[in-house]
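As C-alpha coordinates, the structure follows; a few thoughts come after it.
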Protein chains: 2
Amino acid sequence: MGERDEGTCEARVVHGARLAALQPLIAGEERAQVEAERFRALGDPTRLRILCALGLTELCVCDLSGLLGITQTAASQHLKILRTFGMVRYRKQGRMAFYRLADLSLTGLLARLREAPGREEAAGERQSG
Amino acid sequence: MGERDEGTCEARVVHGARLAALQPLIAGEERAQVEAERFRALGDPTRLRILCALGLTELCVCDLSGLLGITQTAASQHLKILRTFGMVRYRKQGRMAFYRLADLSLTGLLARLREAPGREEAAGERQSG
DNA sequence: GCTATATATGTGCATCTGCGCATGAATCGT
DNA sequence: ACGATTCATGCGCAGATGCACATATATAGC
(Lines give C-alpha, C1' and ligand atoms only; values in the text may rest on other atoms or scores of the structure.)
Protein backbone atom coordinates (compact mmCIF):
# COMPACT_ATOMS: atom_id res chain seq x y z
CA MET A 1 0.00 0.00 0.00
CA GLY A 2 2.89 2.37 0.56
CA GLU A 3 5.35 0.64 -1.74
CA ARG A 4 6.21 3.03 -4.54
CA ASP A 5 9.40 3.00 -6.56
CA GLU A 6 10.43 6.45 -5.48
CA GLY A 7 14.11 5.68 -5.60
CA THR A 8 14.20 4.19 -9.07
CA CYS A 9 14.10 7.20 -11.32
CA GLU A 10 17.16 9.37 -10.88
CA ALA A 11 16.64 11.63 -13.85
CA ARG A 12 13.94 13.71 -12.24
CA VAL A 13 13.05 16.97 -13.85
CA VAL A 14 12.42 18.55 -10.53
CA HIS A 15 15.15 17.08 -8.40
CA GLY A 16 14.79 16.36 -4.72
CA ALA A 17 14.36 19.77 -3.16
CA ARG A 18 12.07 21.21 -5.82
CA LEU A 19 9.98 18.06 -5.75
CA ALA A 20 9.62 18.43 -1.97
CA ALA A 21 8.64 22.07 -2.41
CA LEU A 22 5.84 21.00 -4.71
CA GLN A 23 4.37 18.53 -2.28
CA PRO A 24 2.58 20.96 0.06
CA LEU A 25 0.98 22.67 -2.94
CA ILE A 26 -0.83 19.53 -3.97
CA ALA A 27 -4.17 18.61 -2.49
CA GLY A 28 -3.89 16.02 0.26
CA GLU A 29 -5.48 12.62 -0.07
CA GLU A 30 -8.41 13.45 2.20
CA ARG A 31 -9.18 16.72 0.48
CA ALA A 32 -8.97 15.04 -2.93
CA GLN A 33 -11.20 12.25 -1.69
CA VAL A 34 -13.93 14.66 -0.63
CA GLU A 35 -13.79 16.54 -3.91
CA ALA A 36 -13.66 13.35 -5.98
CA GLU A 37 -16.82 12.04 -4.33
CA ARG A 38 -18.61 15.12 -5.51
CA PHE A 39 -17.60 14.50 -9.10
CA ARG A 40 -18.47 10.86 -8.73
CA ALA A 41 -22.00 11.89 -7.80
CA LEU A 42 -22.18 13.61 -11.19
CA GLY A 43 -20.48 10.72 -12.91
CA ASP A 44 -23.61 8.72 -13.60
CA PRO A 45 -25.84 9.32 -16.64
CA THR A 46 -29.05 8.66 -14.72
CA ARG A 47 -28.16 11.15 -11.99
CA LEU A 48 -27.25 13.74 -14.61
CA ARG A 49 -30.63 13.27 -16.24
CA ILE A 50 -32.34 13.56 -12.87
CA LEU A 51 -30.60 16.86 -12.24
CA CYS A 52 -31.44 17.90 -15.78
CA ALA A 53 -35.13 17.28 -15.14
CA LEU A 54 -35.18 18.90 -11.71
CA GLY A 55 -33.42 21.90 -13.19
CA LEU A 56 -36.51 22.46 -15.32
CA THR A 57 -39.23 21.91 -12.76
CA GLU A 58 -40.06 20.51 -9.37
CA LEU A 59 -41.04 16.84 -9.58
CA CYS A 60 -42.22 14.04 -7.32
CA VAL A 61 -40.30 10.77 -7.35
CA CYS A 62 -43.02 9.03 -9.31
CA ASP A 63 -43.08 11.60 -12.10
CA LEU A 64 -39.33 11.60 -12.22
CA SER A 65 -39.09 7.84 -12.63
CA GLY A 66 -41.80 7.86 -15.26
CA LEU A 67 -40.16 10.71 -17.13
CA LEU A 68 -36.74 9.10 -17.26
CA GLY A 69 -37.94 5.56 -17.73
CA ILE A 70 -36.36 4.20 -14.56
CA THR A 71 -37.87 2.36 -11.62
CA GLN A 72 -39.00 4.18 -8.50
CA THR A 73 -36.33 2.35 -6.55
CA ALA A 74 -33.57 3.55 -8.84
CA ALA A 75 -34.85 7.12 -8.69
CA SER A 76 -35.03 7.04 -4.91
CA GLN A 77 -31.56 5.64 -4.53
CA HIS A 78 -30.06 8.23 -6.87
CA LEU A 79 -31.93 11.02 -5.11
CA LYS A 80 -30.48 9.89 -1.82
CA ILE A 81 -26.99 10.29 -3.22
CA LEU A 82 -27.78 13.68 -4.70
CA ARG A 83 -29.22 14.78 -1.35
CA THR A 84 -26.04 13.72 0.42
CA PHE A 85 -24.12 16.23 -1.64
CA GLY A 86 -26.72 18.95 -1.33
CA MET A 87 -27.43 18.92 -5.03
CA VAL A 88 -31.18 18.44 -4.60
CA ARG A 89 -33.64 19.33 -1.88
CA TYR A 90 -37.21 18.18 -1.31
CA ARG A 91 -40.39 19.22 0.41
CA LYS A 92 -42.84 16.66 1.65
CA GLN A 93 -46.50 17.17 0.87
CA GLY A 94 -48.61 14.33 2.09
CA ARG A 95 -47.09 11.08 0.99
CA MET A 96 -45.29 12.62 -1.96
CA ALA A 97 -41.85 14.19 -1.98
CA PHE A 98 -41.27 17.03 -4.40
CA TYR A 99 -37.66 17.32 -5.38
CA ARG A 100 -35.97 20.36 -6.85
CA LEU A 101 -32.48 21.40 -7.85
CA ALA A 102 -30.68 22.88 -4.86
CA ASP A 103 -27.15 23.46 -6.11
CA LEU A 104 -27.60 26.40 -8.46
CA SER A 105 -23.99 26.20 -9.53
CA LEU A 106 -25.05 23.20 -11.59
CA THR A 107 -27.45 25.21 -13.70
CA GLY A 108 -24.85 26.04 -16.32
CA LEU A 109 -23.78 22.46 -16.60
CA LEU A 110 -27.34 21.27 -17.03
CA ALA A 111 -28.02 23.84 -19.73
CA ARG A 112 -25.00 22.52 -21.62
CA LEU A 113 -26.34 19.02 -21.17
CA ARG A 114 -29.45 19.93 -23.11
CA GLU A 115 -27.42 21.12 -26.09
CA ALA A 116 -26.79 18.90 -29.11
CA PRO A 117 -23.96 16.39 -28.61
CA GLY A 118 -20.53 16.88 -30.13
CA ARG A 119 -19.66 20.05 -28.27
CA GLU A 120 -17.86 18.50 -25.30
CA GLU A 121 -14.37 19.53 -26.36
CA ALA A 122 -13.01 21.08 -23.19
CA ALA A 123 -15.95 22.67 -21.43
CA GLY A 124 -14.59 26.14 -21.86
CA GLU A 125 -11.83 25.88 -24.46
CA ARG A 126 -13.68 27.02 -27.55
CA GLN A 127 -11.52 27.65 -30.57
CA SER A 128 -13.84 30.42 -31.78
CA GLY A 129 -14.63 29.09 -35.23
CA MET B 1 -34.46 -3.48 -17.79
CA GLY B 2 -37.31 -1.52 -19.35
CA GLU B 3 -39.82 -2.33 -16.64
CA ARG B 4 -40.77 0.86 -14.88
CA ASP B 5 -43.93 1.47 -12.93
CA GLU B 6 -45.10 4.31 -15.10
CA GLY B 7 -48.77 3.62 -14.58
CA THR B 8 -48.75 3.35 -10.80
CA CYS B 9 -48.71 6.94 -9.69
CA GLU B 10 -51.82 8.78 -10.81
CA ALA B 11 -51.32 11.91 -8.79
CA ARG B 12 -48.66 13.38 -11.05
CA VAL B 13 -47.78 16.99 -10.66
CA VAL B 14 -47.18 17.34 -14.33
CA HIS B 15 -49.92 15.24 -15.84
CA GLY B 16 -49.60 13.34 -19.07
CA ALA B 17 -49.21 16.03 -21.68
CA ARG B 18 -46.92 18.29 -19.68
CA LEU B 19 -44.79 15.36 -18.73
CA ALA B 20 -44.44 14.48 -22.39
CA ALA B 21 -43.54 18.08 -23.20
CA LEU B 22 -40.71 17.87 -20.68
CA GLN B 23 -39.20 14.77 -22.16
CA PRO B 24 -37.45 16.34 -25.19
CA LEU B 25 -35.88 18.96 -22.91
CA ILE B 26 -34.02 16.35 -20.94
CA ALA B 27 -30.66 15.05 -22.06
CA GLY B 28 -30.90 11.69 -23.80
CA GLU B 29 -29.24 8.63 -22.37
CA GLU B 30 -26.32 8.71 -24.80
CA ARG B 31 -25.63 12.38 -24.27
CA ALA B 32 -25.81 11.92 -20.51
CA GLN B 33 -23.52 8.91 -20.76
CA VAL B 34 -20.83 10.89 -22.57
CA GLU B 35 -21.02 13.74 -20.09
CA ALA B 36 -21.08 11.41 -17.09
CA GLU B 37 -17.89 9.69 -18.23
CA ARG B 38 -16.17 13.04 -18.14
CA PHE B 39 -17.18 13.59 -14.52
CA ARG B 40 -16.24 10.05 -13.72
CA ALA B 41 -12.72 10.79 -14.92
CA LEU B 42 -12.58 13.53 -12.30
CA GLY B 43 -14.24 11.33 -9.70
CA ASP B 44 -11.09 9.74 -8.40
CA PRO B 45 -8.87 11.33 -5.73
CA THR B 46 -5.65 10.14 -7.32
CA ARG B 47 -6.59 11.59 -10.70
CA LEU B 48 -7.54 14.88 -9.09
CA ARG B 49 -4.16 15.01 -7.39
CA ILE B 50 -2.43 14.21 -10.66
CA LEU B 51 -4.22 17.10 -12.35
CA CYS B 52 -3.42 19.24 -9.35
CA ALA B 53 0.28 18.52 -9.75
CA LEU B 54 0.33 18.93 -13.53
CA GLY B 55 -1.48 22.22 -13.11
CA LEU B 56 1.59 23.48 -11.28
CA THR B 57 4.33 22.18 -13.52
CA GLU B 58 5.19 19.76 -16.25
CA LEU B 59 6.25 16.38 -14.86
CA CYS B 60 7.49 13.02 -16.04
CA VAL B 61 5.62 9.91 -14.95
CA CYS B 62 8.36 8.98 -12.54
CA ASP B 63 8.37 12.31 -10.75
CA LEU B 64 4.62 12.28 -10.63
CA SER B 65 4.44 8.86 -9.01
CA GLY B 66 7.13 9.81 -6.51
CA LEU B 67 5.43 13.10 -5.71
CA LEU B 68 2.03 11.57 -5.06
CA GLY B 69 3.29 8.39 -3.44
CA ILE B 70 1.76 6.04 -5.98
CA THR B 71 3.31 3.38 -8.16
CA GLN B 72 4.42 4.10 -11.70
CA THR B 73 1.79 1.66 -12.92
CA ALA B 74 -1.02 3.49 -11.18
CA ALA B 75 0.20 6.83 -12.50
CA SER B 76 0.41 5.50 -16.03
CA GLN B 77 -3.06 4.00 -15.93
CA HIS B 78 -4.61 7.19 -14.59
CA LEU B 79 -2.76 9.26 -17.16
CA LYS B 80 -4.18 7.09 -19.90
CA ILE B 81 -7.69 7.87 -18.71
CA LEU B 82 -6.96 11.58 -18.43
CA ARG B 83 -5.50 11.53 -21.95
CA THR B 84 -8.66 9.90 -23.27
CA PHE B 85 -10.65 12.91 -22.15
CA GLY B 86 -8.07 15.43 -23.34
CA MET B 87 -7.37 16.62 -19.83
CA VAL B 88 -3.63 16.10 -20.08
CA ARG B 89 -1.15 16.08 -22.93
CA TYR B 90 2.43 14.86 -23.10
CA ARG B 91 5.61 15.31 -25.07
CA LYS B 92 8.11 12.52 -25.41
CA GLN B 93 11.76 13.33 -24.83
CA GLY B 94 13.93 10.28 -25.01
CA ARG B 95 12.48 7.58 -22.82
CA MET B 96 10.61 10.00 -20.59
CA ALA B 97 7.15 11.38 -21.12
CA PHE B 98 6.49 14.87 -19.79
CA TYR B 99 2.86 15.40 -18.96
CA ARG B 100 1.15 18.72 -18.59
CA LEU B 101 -2.37 19.97 -17.98
CA ALA B 102 -4.19 20.35 -21.30
CA ASP B 103 -7.72 21.27 -20.30
CA LEU B 104 -7.32 24.81 -19.05
CA SER B 105 -10.94 24.92 -17.98
CA LEU B 106 -9.85 22.78 -15.05
CA THR B 107 -7.48 25.42 -13.71
CA GLY B 108 -10.08 27.02 -11.50
CA LEU B 109 -11.12 23.71 -10.07
CA LEU B 110 -7.55 22.77 -9.27
CA ALA B 111 -6.89 26.08 -7.57
CA ARG B 112 -9.89 25.44 -5.36
CA LEU B 113 -8.53 22.00 -4.62
CA ARG B 114 -5.43 23.54 -3.09
CA GLU B 115 -7.46 25.62 -0.67
CA ALA B 116 -8.07 24.51 2.89
CA PRO B 117 -10.84 21.94 3.23
CA GLY B 118 -14.31 22.87 4.41
CA ARG B 119 -15.11 25.25 1.56
CA GLU B 120 -16.77 22.81 -0.82
CA GLU B 121 -20.23 24.32 -0.52
CA ALA B 122 -21.39 24.71 -4.08
CA ALA B 123 -18.34 25.09 -6.31
CA GLY B 124 -19.23 28.57 -7.44
CA GLU B 125 -21.63 29.90 -4.85
CA ARG B 126 -19.26 32.08 -2.86
CA GLN B 127 -20.79 34.41 -0.35
CA SER B 128 -18.05 37.00 -0.91
CA GLY B 129 -16.76 36.65 2.65
C1' DG C 1 -58.05 0.65 12.34
C1' DC C 2 -57.46 -1.17 7.68
C1' DT C 3 -56.16 -0.84 2.96
C1' DA C 4 -53.97 1.50 -0.81
C1' DT C 5 -50.45 4.58 -2.30
C1' DA C 6 -45.78 7.14 -2.33
C1' DT C 7 -41.31 6.94 -0.94
C1' DA C 8 -37.23 4.91 1.49
C1' DT C 9 -34.22 1.15 2.61
C1' DG C 10 -31.93 -3.68 3.18
C1' DT C 11 -30.10 -7.47 0.47
C1' DG C 12 -28.09 -9.86 -3.32
C1' DC C 13 -26.02 -9.85 -7.80
C1' DA C 14 -23.81 -8.58 -12.22
C1' DT C 15 -20.66 -5.37 -13.49
C1' DC C 16 -17.18 -1.87 -13.11
C1' DT C 17 -12.90 0.22 -11.07
C1' DG C 18 -8.36 0.89 -9.24
C1' DC C 19 -4.36 -1.37 -8.14
C1' DG C 20 -0.38 -4.69 -8.07
C1' DC C 21 2.29 -7.90 -10.64
C1' DA C 22 4.43 -9.34 -14.68
C1' DT C 23 5.64 -8.16 -19.14
C1' DG C 24 6.17 -5.58 -23.55
C1' DA C 25 7.99 -1.57 -26.11
C1' DA C 26 11.11 2.18 -26.70
C1' DT C 27 15.35 4.57 -25.53
C1' DC C 28 19.90 5.52 -23.33
C1' DG C 29 24.68 4.24 -21.98
C1' DT C 30 28.43 1.37 -22.65
C1' DA D 1 24.52 -5.55 -29.43
C1' DC D 2 23.38 -5.80 -24.54
C1' DG D 3 21.71 -4.40 -20.18
C1' DA D 4 19.44 -0.72 -17.75
C1' DT D 5 15.76 2.51 -17.45
C1' DT D 6 11.25 4.80 -18.45
C1' DC D 7 6.78 4.24 -19.72
C1' DA D 8 2.70 1.40 -21.33
C1' DT D 9 -0.29 -2.65 -21.08
C1' DG D 10 -2.54 -7.45 -20.18
C1' DC D 11 -4.29 -10.00 -16.33
C1' DG D 12 -6.30 -11.07 -11.90
C1' DC D 13 -8.28 -9.67 -7.62
C1' DA D 14 -10.56 -6.92 -3.82
C1' DG D 15 -13.73 -3.41 -3.22
C1' DA D 16 -17.25 -0.27 -5.01
C1' DT D 17 -21.47 0.70 -7.82
C1' DG D 18 -26.09 0.49 -9.91
C1' DC D 19 -30.04 -1.98 -10.11
C1' DA D 20 -34.02 -5.25 -9.06
C1' DC D 21 -36.64 -7.47 -5.63
C1' DA D 22 -38.69 -7.52 -1.30
C1' DT D 23 -39.82 -4.93 2.58
C1' DA D 24 -40.33 -0.97 5.84
C1' DT D 25 -42.21 3.64 6.78
C1' DA D 26 -45.47 7.29 6.28
C1' DT D 27 -49.70 9.24 4.73
C1' DA D 28 -54.52 9.46 2.57
C1' DG D 29 -59.17 7.60 2.23
C1' DC D 30 -62.66 4.74 4.01
Side-chain angles (χ1 to χ4, degrees), chain A residues 1-13 29 32-33 36-37 39-50 58-85 88-99, chain B residues 1-13 29 32-33 36-37 39-50 58-85 88-99:
Chain A
M1 271 225 181
E3 299 278 343
R4 64 282 176 86
D5 30 53
E6 48 170 274
T8 309
C9 171
E10 304 175 18
R12 322 198 103 104
V13 197
E29 297 180 44
Q33 176 72 38
E37 279 173 13
F39 281 109
R40 211 168 247 263
L42 296 173
D44 178 89
T46 302
R47 280 196 290 274
L48 278 184
R49 303 216 306 147
I50 287 176
E58 186 181 59
L59 286 170
C60 66
V61 179
C62 186
D63 274 339
L64 192 59
S65 56
L67 187 61
L68 301 184
I70 60 178
T71 63
Q72 175 267 316
T73 300
S76 204
Q77 285 169 340
H78 282 304
L79 287 168
K80 183 194 180 117
I81 294 176
L82 295 175
R83 256 182 312 169
T84 305
F85 294 96
V88 301
R89 232 176 268 288
Y90 72 104
R91 68 184 170 87
K92 267 222 155 148
Q93 182 177 312
R95 51 192 164 177
M96 329 233 294
F98 295 101
Y99 280 81
Chain B
M1 271 212 181
E3 300 278 343
R4 64 279 177 90
D5 30 55
E6 49 170 272
T8 310
C9 171
E10 305 175 19
R12 322 198 104 104
V13 197
E29 296 181 44
Q33 177 70 37
E37 279 174 12
F39 281 110
R40 210 166 245 262
L42 295 174
D44 178 89
T46 302
R47 281 197 289 274
L48 278 184
R49 302 218 304 149
I50 286 175
E58 186 181 58
L59 285 170
C60 65
V61 179
C62 186
D63 274 338
L64 192 59
S65 57
L67 187 62
L68 301 183
I70 60 179
T71 63
Q72 175 265 315
T73 300
S76 204
Q77 286 169 339
H78 283 304
L79 286 169
K80 182 192 182 121
I81 295 175
L82 296 175
R83 253 182 316 171
T84 304
F85 293 96
V88 301
R89 231 176 268 288
Y90 72 104
R91 67 183 171 90
K92 266 219 154 152
Q93 180 176 315
R95 51 188 166 180
M96 330 236 293
F98 294 101
Y99 280 82

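Per chain, numbering begins at 1; letters A, B, ... match sequence-line order.
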For this session: Would you kindly give the CD-to-P distance between A:E37 and D:dA16, to the nearest whole Å?
Result: 11 Å

For this session: Going 5' to 3' through nucleotides 22-30 of chain D, assign each nucleotide B (protein heavy atom under 4.0 Å from a base atom), S (under 4.0 Å only from sugar-phosphate atoms) or - (no protein heavy atom that close).
Result: B----SS--

Exercise. With sugar-phosphate meaning primed atoms plus P, OP1 and OP2, does A:Y99 contact a base, only sugar-phosphate, or nothing at under 4.0 Å between heavy atoms?
Worked result: sugar-phosphate

For this session: Summarise protein proximity over nucleotides 12-19 of chain C in one line of letters, 5' to 3': B for base, S for sugar-phosphate only, - for none, counting protein heavy atoms closer than 4.0 Å.
Result: -----SSB

Exercise. Are OP1 or OP2 of C:dT9 and a side-chain N or O of A:K80 less than 4.0 angstrom apart?
Worked result: yes

Seminar exercise, completed: Residue set satisfying side chain to side chain donor-acceptor pair (under 3.5 Å) with A:Q33, at least two apart, ordered chain then number -> A:E37

Problem set entry | Partners passing ring pair (Phe, Tyr, Trp, His ring centres under 6.0 Å) against A:Y90 (at least two apart in sequence or in another chain) | A:Y99

Problem set entry | DNA chain C base-pair string [pairs: Watson-Crick or G-U under 3.5 Å; |: paired with another strand] | ||||||||||||||||||||||||||||||

Exercise. Rounded to whole angstrom units, what separation is found between the CD atom of B:E29 and the P atom of D:dG18?
Worked result: 16 Å

Problem set entry | Rounded distance [0.5 Å steps], CD1 in B:I81 versus OG in B:S76 | 10.5 Å

Exercise. Between B:V61 and B:L79, which heavy-atom pair has the shortest distance, and what is it?
Worked result: CG2-CD1, 3.9 Å

Exercise. CE of A:M96 versus P of C:dT7: gap in Å, rounded?
Worked result: 6 Å

For this session: Could I get the full list of side-chain contact (heavy atoms from CB on, under 4.5 Å) partners for A:R89, not counting sequence neighbours?
Result: A:R100, A:A102

For this session: Could you check how far CD1 of A:I50 sits from C1' of D:dG18, rounded to whole Å?
Result: 12 Å

Exercise. Of all the choices, D:dC7, D:dT9, C:dT7, which nucleotide is nearest to the side chain of A:S76 once you look at every atom?
Worked result: C:dT7

For this session: Would you mind reading off the distance between A:Q33 atom CD and D:dA16 atom C1', rounded to a whole angstrom?
Result: 12 Å

Enumerate donor-acceptor pairs with a distance under 3.5 Å from any side-chain N or O in residues 40-50 of chain B to protein atoms, sequence neighbours excluded.
| from | atom 1 | to | atom 2 | distance (Å) |
| --- | --- | --- | --- | --- |
| B:R40 | NE | A:G43 | O | 3.0 |
| B:D44 | OD2 | B:T46 | N | 3.0 |
| B:D44 | OD2 | B:R47 | N | 3.1 |
| B:R47 | NE | B:A41 | O | 2.6 |
| B:R47 | NH1 | B:H78 | ND1 | 3.1 |
| B:R47 | NH2 | B:R40 | O | 3.3 |
| B:R49 | NH1 | A:A27 | O | 3.0 |
| B:R49 | NH2 | B:L68 | O | 2.9 |

Exercise. Could you state the CG-P distance from A:L64 to C:dA6, rounded to the nearest angstrom?
Worked result: 15 Å

Problem set entry | Gap separating the SG atom of A:C60 from the NZ atom of A:K92, nearest 0.5 angstrom | 12.5 Å

